[in-house]
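Reckoned from all heavy atoms, side chains included, excluding hydrogens, waters and symmetry mates. Protein chains get the first letters and strands the later ones, always in sequence-line order, with residue 1 at the start of each.
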Amino acid sequence: MKDNFFQRVYEVVRQVPHGRVTTYGLIANSLGTRGSARMVGWAMNACHGEDDIPAHRVINRQGLLTGKHHFGQINLMQQLLESEGIEVIDDQVQNLEKLLWDPSKELDMRV
DNA sequence: TATGTGACATCAA
DNA sequence: CTTGATGCCACAT
């Protein structure tokens, strides 16, 4: 099982640098499925069955912690981000463009 | 088999 | 500027 699609998403998320964040659209874009950012979120929904998936580093285009509700505890996601040195205010990541990590750009996923 | 849903993104009005 | 509607692909029922 584990379609390559999901594994790809997990792998990218795992490779997100510490203290850095990425967005669903960016991941979806790097996967080659631009616009299907939902699949990234959907994959994350299944990330509970995976091991170490820093889903808290994955946020939406607005830098909003949309998926915080799925961490089991709403404050948890913000706590984790702040713990990494990321400034989060009102469930929103500050300096998003500075912390934003583009896998298709920073990561050479030629294959 | 078909329908609905989903942690989003983008376009149009 | 804001709000609404559509698309995307995979999974669940």
Notebook entry, point to check: Which of these passes side chain to side chain donor-acceptor pair (under 3.5 Å) with A:H56: A:Q79, A:E84, A:Q78?
Noted result: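 By the side chain to side chain donor-acceptor pair (under 3.5 Å) criterion, A:H56 pairs with just one of A:Q79, A:E84, A:Q78: A:E84.
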Note to self: Does A:N45 reach a base, just sugar-phosphate, or nothing at all? Heavy atoms under 4.0 Å.
What the structure shows: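 Touches a base.
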Checklist line | Sugar-phosphate only, base, or nothing, as touched by A:A46 at under 4.0 Å among non-hydrogen atoms | finding: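 Result for A:A46 = nothing.
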Item checked: Closest to side chain of A:M39, choosing from C:dC11, C:dC9, B:dT10 ->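 Within the option list, the nearest is C:dC9.
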Next item on the list: Report the nucleotide, chosen from B:dT5, B:dA7, B:dA9, that has the shortest atom-to-atom distance to any side-chain atom of A:W42.
Entry: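 Nearest to the side chain of A:W42 among the choices is B:dT5.
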Notebook entry, point to check: Does A:R14 come within less than 4.0 Å of A:E50, counting only side-chain N to carboxylate O?
Noted result: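 Salt bridge present between A:R14 and A:E50.
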Next item on the list: Could you tell me the separation between the CD1 atom of A:I53 and the CG atom of A:D51, rounded to the nearest 0.5 Å?
Entry: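 Rounded to the nearest 0.5 Å, the CD1-CG separation comes out at 7.0 Å.
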Notebook entry, point to check: How many angstroms lie between CZ in A:R61 and OH in A:Y24, if you round to the nearest 0.5 Å?
Noted result: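 With rounding to 0.5 Å, CZ (A:R61) is 13.0 Å from OH (A:Y24).
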Next item on the list: Could you give the distance separating B:dT5 and C:dA5 at their P atoms, to the nearest angstrom?
Entry: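 Between the two P atoms, the distance is 16 Å.
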Next item on the list: Please measure how far the P atom in B:dG4 lies from the corresponding atom in C:dT6, and state the result in whole Å.
Entry: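 Rounded to whole Å, the distance is 15 Å.
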Item checked: Residues that, via side-chain heavy atoms closer than 4.5 angstrom, fall in one hydrophobic cluster with A:I59 ->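 Cluster partners of A:I59: A:V21, A:L26, A:L65, A:F71, A:L76, A:M77, A:L80, A:L81, A:I86, A:V88, A:V93, A:L96, A:L99, A:L100.
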Integer-rounded Å distance: [N] [atom2] and [X] [atom1]:
X: A:H48; N: C:dC11; atom1: NE2; atom2: C1'; answer: 15 Å
X: A:F6; N: C:dC8; atom1: CZ; atom2: P; answer: 18 Å
X: A:Y10; N: B:dA7; atom1: OH; atom2: C1'; answer: 12 Å
X: A:N60; N: B:dG6; atom1: CG; atom2: P; answer: 17 Å

Margin query: Tell me whether A:D102 contacts the main-chain N or O of A:S104 through its side chain, where contact means a donor paired with an acceptor under 3.5 Å.
Written below: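 Present.
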Next item on the list: Tell me which residues in residues 64-94 of chain A put a heavy atom below 4.0 Å from DNA chain B, sorted by number, or none.
Entry: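 DNA chain B contact set from residues 64-94 of chain A: A:T66, A:G67, A:H70, A:F71.
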